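Working notes, structure below.
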Amino acid sequence: MSNISNQSNGFAKQQTTKIHAKDFDTPTMMLTYSFRLNNPRPWKKIPNCSVMTNAYDILQNGRLENRIKTKGIHSELELNGEICAMDSGGFQFISRGEGEKIDPLKVIELQNQSDVDIAVCLDYPILQDFSQNKIEKLTQQSLENIKLSNQHIKNGIEVMPVLHGRTTDEIRSFQNQVKKIGDFKIWGIGGLVPQMKQSSTSHKRYFSIIDRVIEARKGLNKIDDNILLHIFGVGSPLAGLLFLLSGADSIESISWIMNAKYFLVYQDKIGARKVSNKTTLCTTSVKWDEYNCTCPICDNLDLSVIEEKMKASGNIGFQNRAMHNAYVYQKILVEAKEAINENRLVELCKEKLGHHRFFKGILNYTLKKLENCL
Ligand SMILES: [Zn+2]
């Protein structure tokens, strides 16, 4: 076990940053949102949400695209002061083999006209099986796109460059090149998701991700330690806590909605658990004896009623699970904020992850790592 004191926040920090003339309170959990008819909008019931939308998603639907360009994204999503970011969708383009086809100026135009708060630069994820040649070409294109966004994003919208790299050296080198392009208030690290998907049970993959997050944070602190660091696709909010310790300010996950689709509900300190045998995902069932939730769906109801609501099929059940999951994610972030205020994020992480079958080892790795660089 590491010697790092419980009375420590690692690299985590609580702050308020002016973003697009709004107050952006961090740390935050951004809920990834895609425009589907039945997807619920948790920010209408849960305070302090922030939202990550996706240009690829919007550009697939001409009517939606026009509406968003005319009315703005905040009105379309019925946001009320919440920070809304727009990812380029580079990952989706690449996955469909359309990487070279997309015009970065089209993404920038959409981001400008929809009046998002944070415009993510069009980036190309580096997948493990890419040749060195392809990697260099995509890296150059990503850097060119950062220059384009820096030039063309208007009206005080913040530009978010996204770092890519399979190793800490690659992260450092990418970061040095981005530094030359401009000053940015918020930086992202991308490309962590596909690696997590390849082997969801490997600790070593997480070790490498933690290493890269710490590397990026150390690099940013050399410029200004108020610069925000956003992590794309953290999967579980429990993993997110470790990224906060490592220096992330904003973390983002689509799993609140993906889990809901697969009949999984999130339990604090435990993770995603299945609520019905309808899921094809092999995972253990909800621990009802440890179930304790005050979300807008579960609040004050008997466990048997909650179970029925969560098990329900069709859109109703899906929406119940998604709202519940979003609430639990936000609640974990609220607790993290409180802990940071009291300078005891390490203690909170030990409490939540110290007995977790999977995350225990990654927590220990993170704490050892922090001990060596704080
Ligand atoms: Zn609930």
Side-chain angles (χ1 to χ4, degrees), residues 25 27-34 36-52 77-80 82 233-241 244 251-339 348-349 351-353 355-359:
D25 293 318
T28 188
M29 160 69 79
M30 279 192 186
L31 299 173
T32 312
Y33 185 79
S34 57
R36 304 282 173 278
L37 201 56
N38 294 308
N39 283 356
R41 299 179 167 187
W43 47 90
K44 290 167 77 178
K45 287 188 180 157
I46 304 170
N48 302 318
C49 291
S50 52
V51 190
M52 177 67 77
L77 285 172
E78 302 162 279
L79 290 166
N80 195 5
E82 291 91 349
V234 299
S236 129
L238 292 178
L241 287 176
L244 297 185
I251 52 182
E252 173 241 356
S253 179
I254 196 169
S255 65
W256 65 283
I257 212 151
M258 295 310 285
N259 284 338
K261 258 179 211 162
Y262 293 111
F263 288 87
L264 303 177
V265 300
Y266 209 84
Q267 273 189 285
D268 189 15
K269 296 185 194 173
I270 297 174
R273 288 288 176 262
K274 72 175 166 188
V275 76
S276 154
N277 287 326
K278 281 178 196 138
T279 179
T280 49
L281 289 186
C282 182
T283 177
T284 29
S285 298
V286 171
K287 292 189 179 176
W288 289 109
D289 52 333
E290 293 178 35
Y291 197 93
N292 176 17
C293 181
T294 51
C295 84
I297 307 293
C298 305
D299 198 16
N300 287 326
L301 296 173
D302 287 340
L303 280 181
S304 58
V305 181
I306 296 175
E307 190 173 350
E308 282 314 307
K309 284 186 151 204
M310 292 297 156
K311 260 180 164 167
S313 49
N315 287 329
I316 297 292
F318 163 68
Q319 287 168 349
N320 286 343
R321 291 184 295 276
M323 280 298 287
H324 163 89
N325 289 343
Y327 180 85
V328 177
Y329 284 25
Q330 293 300 336
K331 191 164 168 271
I332 291 173
L333 259 287
V334 169
E335 285 177 58
K337 261 187 200 173
E338 285 167 6
L348 180 77
C349 287
E351 188 194 309
K352 289 209 188 283
L353 306 171
H355 301 285
H356 194 281
R357 206 156 41 103
F358 180 68
F359 285 116

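Atoms within a ligand are numbered from 1 in the order they appear, just like the ligands themselves. Predicted, not measured: the structure shown is a model, and the values here were computed from it.
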Using a strict 4.0 Å threshold on nitrogen-to-oxygen distance, state whether Lys331 and Asp268 make a salt bridge. no
For the Zn ion (ligand 1) the protein N, O or S atom count under 2.8 Å stands at 4
Taking every heavy atom of Leu238 against every heavy atom of Ile270, the minimum-distance pair comes out as CD1-N, 4.1 Å
So CD of Gln319 and CE of Met323: to nearest 0.5 Å the spacing works out to 9.5 Å
* Asked: Got more than 12 heavy atoms from elsewhere within 6.0 Å of CG, Asn300?
  -> no
With sequence neighbours left out, the residues meeting side-chain hydrogen bond (donor to acceptor under 3.5 Å, both in side chains) with Glu290 are none
- Task: Determine whether more than 12 heavy atoms belonging to other residues, nucleotides or ligands lie under 6.0 Å from atom CG of Asn292.
- Result: no
